[in-house]
Every structure is written in structure tokens, then in C-alpha cells.
Colleague: 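Below you'll find the structure I mean.
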Amino acid sequence: MVTSRRLTVPALVLVLGLALTGCSAAGIGSTHSGSGAISPGSVSSGNVSNGSASASSDVIKRQVVTTGTVVITTANPIGAADKAASITDAAGGRVDDRNQSAATTSAPAHATLTLRIPSARLTPALAALKKLGAVDSVSIATNDVTTTSEDLGARITALQTSITRLLALESKATTTTDLIALESDIASRQGDLESLTAQQRYLNDQVSMSTITLQLLAPSPAVVKPGPPSPWSPFAAGLAGFG
């Protein structure tokens, strides 16, 4: 009986050890399986990363300057110029320059207009302009000025901050020398700020309003080719010489 009890206790210990080992293995296996799958945390991190990238791209909006030239042949360039001005006005734009000339004995009628059309409405405006006559050529070019615009904005912000600090120092100046030096520095920076602000306004205008040069030309007069000489031509020429 004693021997049986001694054998039973180690057997129980061994069974318990195997059970604990099995539980540990099961725990390890479940942990590995969880790490191998895509957890909500990793998906959320990816979403955050993608979201931040898209947000940064949305914040930095592309600034593009659009220019172009359109050449159209029409029977009445002067009347077509009036219609082009109306199309531009309806699109919310304006005519910056207009030169036109009626037909003469030596040259057909023509008109040239510089149109400023909102970039957001350029496509439908161009479609309407093309209906003024026969389109000879269309040339559209774009220039990305995003970097220039961002640089101007950063420099303007830095100057504004600097001027604000100098004004605060000026209000606390105790000597005439310090006051004169601060006033000179403030005036210089304000001049730079006004120059940069003017450049930014011009750039914003170029981005928001596309510049289109419209040339309206009348059809060239048909050239009549001379026909074959008449058999009476030499005789007529001789009579003319005799006369």
C-alpha cells in the first residue's frame, strides 16, 4: 500500500505538469495567432497614417497659373469680339485689352482680345468661344506656382511676427537712440511686407483668373488664278501698241 501511494503521488504530479504544459502551449498558440492577424490597432495606425497624408495633401493646395492663345477665323471679327466680351462677362471675367480694325483695301478685318476668365469656369468659356467661328489653333499652358505661393506666405507671416515684436519693444524704449533704431527697423520691414503682399496679390490673381489671348481673323480673300491666254491676245496687244 505504501508503494502504491508513492507511485500515485508522482503520477499525479506528472499529470498536473502535463496539463499545465498543455495550457501554456495553448496560451502561446493563441497569442501567436493574434499577433499574426491584422489587429484593429494596426489598421487604425494605417488609417491614421493615410489620413494624415491625405490631410497634408489637402492642406497644400496646388496653385496653377493658366495661359493660352486661341485663333479663330470668322466672317465678322468685330461682331465676334463683342460676343467674346459677353461670354467672358457671363463667366465672371473681364476684358483687359482689346484691339480691333475694320477691313481696308489692303487688309481684312481683325480683332485681338486679352481675356481674364475665372480658372474654375475656363472649360465652358472656351467651348463657347470656339463657336464664334472656325478654330484655327488652341494652345493652353499651365505653370505650377505652389512652391512660390507657400514661400511668399511663410515670409509674410515671419515679417508680420517680427514687426509685432518690434512694435512691442518700441513701446518700451527708454532712450531716443533705441527708439530711432527701432523705428528705422520697423519701417524697413514694413516696406518689405508691403512688397511681398503685393506679389502675393498678383500671384493669387494669376492663379484665380486664367489669361486667354483671343485672335479673331476674317477669311483671306480668294486669289483668282489667271486662265489660259486668249488667241486674240497677241492681236489685241499689237493693236494697243499700234494705237
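Residues: numbered from 1 along the sequence shown. In what follows, every heavy atom counts, from backbone to side chain, and hydrogens, waters and symmetry copies are set aside.
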Colleague: Please confirm whether the backbone N or O of Ala158 pairs with a side-chain atom of Ser162, one donor and one acceptor, at under 3.5 Å?
Modeller: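 No; judged by distance alone, with no hydrogens or angles, the pair does not exist.
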Colleague: To the nearest 0.5 Å, tell me how far Ile186 CD1 sits from Thr164 OG1.
Modeller: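 Going from CD1 on Ile186 over to OG1 on Thr164, the span is 9.5 Å.
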Colleague: Could you tell me if the side chain of Leu115 sits less than 4.5 Å from the side chain of Val95, heavy atoms only?
Modeller: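 In contact.
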Colleague: Suppose we screen for salt bridge (Lys or Arg N to Asp or Glu O under 4.0 Å). Which residues come up paired with Asp144, at least two apart in sequence or across chains?
Modeller: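 Asp144 satisfies salt bridge (Lys or Arg N to Asp or Glu O under 4.0 Å) with Arg62 only.
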Colleague: Verify, without hydrogens or angle tests, whether Ser149 (side chain) and Val145 (backbone) share a donor-acceptor contact under 3.5 angstrom.
Modeller: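 Between the backbone of Val145 and the side chain of Ser149 there is no qualifying donor-acceptor contact (under 3.5 Å).
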Colleague: Can you name the closest pair of heavy atoms from Ala81 and Gln100 and give their distance?
Modeller: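 The pair with the smallest heavy-atom distance is CB-OE1, 4.1 Å.
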Colleague: What pairs meet the salt bridge (Lys or Arg N to Asp or Glu O under 4.0 Å) rule with one or both residues in residues 106-120, with sequence neighbours excluded?
Modeller: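 Every salt bridge (Lys or Arg N to Asp or Glu O under 4.0 Å) pair that includes a residue of residues 106-120, provided the two are not neighbours, is Asp96-Arg116, Arg116-Asp205.
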Colleague: Taking all non-hydrogen atoms of both residues into account, name the closest pair between Ile78 and His110 and its distance.
Modeller: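 Reported closest heavy-atom pair: CD1-O, 4.0 Å.
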Colleague: Look up atom OG1 in Thr197 and atom CD in Gln190, then write down how far apart they are to the nearest 0.5 Å.
Modeller: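 It comes to 11.0 Å.
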Colleague: Is there a side-chain hydrogen bond (donor to acceptor under 3.5 Å, both in side chains) between Ser210 and Ser119? Walk through the geometry before answering.
Modeller: CA-CA 5 Å; Ser210 300; Ser119 299; 3.0 Å; yes
Colleague: Please answer: with hydrophobic residues joined when any side-chain heavy atoms are less than 4.5 Å apart, are Ile163 and Leu169 in the same cluster?
Modeller: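 Yes.
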Colleague: Shortest non-hydrogen contact from Asn99 to Asp97?
Modeller: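 Where Asn99 meets Asp97 most closely, the heavy atoms are ND2-OD2, 3.6 Å.
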Colleague: Quick check on the hydrophobic clustering: are Leu113 and Val71 connected, directly or via other members, by side-chain heavy-atom contacts under 4.5 Å?
Modeller: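 Different hydrophobic clusters.
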Colleague: Kindly compute the distance separating OG1 (Thr69) from CD1 (Ile212), expressed to the nearest 0.5 Å.
Modeller: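 It comes to 7.5 Å.
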Colleague: Determine whether Arg98 and Asp82 satisfy the following criterion, salt bridge (charged side-chain N to carboxylate O under 4.0 Å, His left out), listing intermediate values before the conclusion.
Modeller: CA-CA 10 Å; Arg98 177 171 177 172; Asp82 293 335; 2.5 Å; yes
Colleague: What are the two closest heavy atoms between Ala75 and Pro219, and how far apart are they?
Modeller: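 So the minimum-distance heavy-atom pair works out to CA-CD, 4.0 Å.
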Colleague: What's the shortest heavy-atom distance between Ala90 and Arg121, and which atoms?
Modeller: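 Answer, listing the atom of Ala90 first, then Arg121: O-NH1, 4.2 Å.
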Colleague: Excluding sequence neighbours, so at least two apart, what forms salt bridge (Lys or Arg N to Asp or Glu O under 4.0 Å) with Asp89?
Modeller: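 Asp89 satisfies salt bridge (Lys or Arg N to Asp or Glu O under 4.0 Å) with no residue once adjacent residues are dropped.
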Colleague: Nearest heavy-atom pair of Pro77 and Ala109: which atoms, and what distance?
Modeller: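 Taking Pro77 first and Ala109 second, the nearest heavy atoms are CG-O, 3.5 Å.
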Colleague: With side chain to side chain contact (heavy atoms under 4.5 Å, CB included) as the criterion, how do Ile156 and Gln200 come out once you've worked through the C-alpha distance, each side chain's angles and the decisive distance to 0.1 Å?
Modeller: CA-CA 9 Å; Ile156 288 174; Gln200 188 182 54; 3.5 Å; yes
Colleague: Would you mind writing out the side-chain donor-acceptor pairs for residues 122-141 within the sub-3.5 Å range, not counting sequence neighbours?
Modeller:
| from | atom 1 | to | atom 2 | distance (Å) |
| --- | --- | --- | --- | --- |
| Asp136 | OD1 | Thr73 | OG1 | 3.4 |
| Asp136 | OD2 | Thr73 | OG1 | 2.5 |

Colleague: For the CG atom of Leu193 and the CD atom of Gln160, what is their distance to the nearest 0.5 Å?
Modeller: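 If I round to the nearest 0.5 Å, the distance is 5.5 Å.
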Colleague: Please list all pairs passing the side chain to side chain donor-acceptor pair (under 3.5 Å) test where one or both residues lie in residues 179-188, with sequence neighbours left out.
Modeller: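 Listed once each, the pairs are Asp185-Arg189.
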Colleague: From Glu150 CD over to Arg155 CZ, what is the distance, rounded to the nearest 0.5 angstrom?
Modeller: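 The CD atom of Glu150 sits 13.5 Å away from the CZ atom of Arg155.
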Colleague: Can you list the residues that meet the side chain to side chain contact (heavy atoms under 4.5 Å, CB included) rule with Thr104, with sequence neighbours excluded?
Modeller: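 If we apply the side chain to side chain contact (heavy atoms under 4.5 Å, CB included) test to Thr104, skipping adjacent residues, the hits are Ser106, Ala107.
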Colleague: Can you list the steps and then say if Leu179 with Glu170 is a side chain to side chain contact (heavy atoms under 4.5 Å, CB included)?
Modeller: CA-CA 6 Å; Leu179 185 61; Glu170 182 185 24; 3.5 Å; yes
Colleague: Rounded to the nearest 0.5 Å, how far apart are OG of Ser208 and CD1 of Ile117?
Modeller: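 Output value for this atom pair is 12.5 Å.
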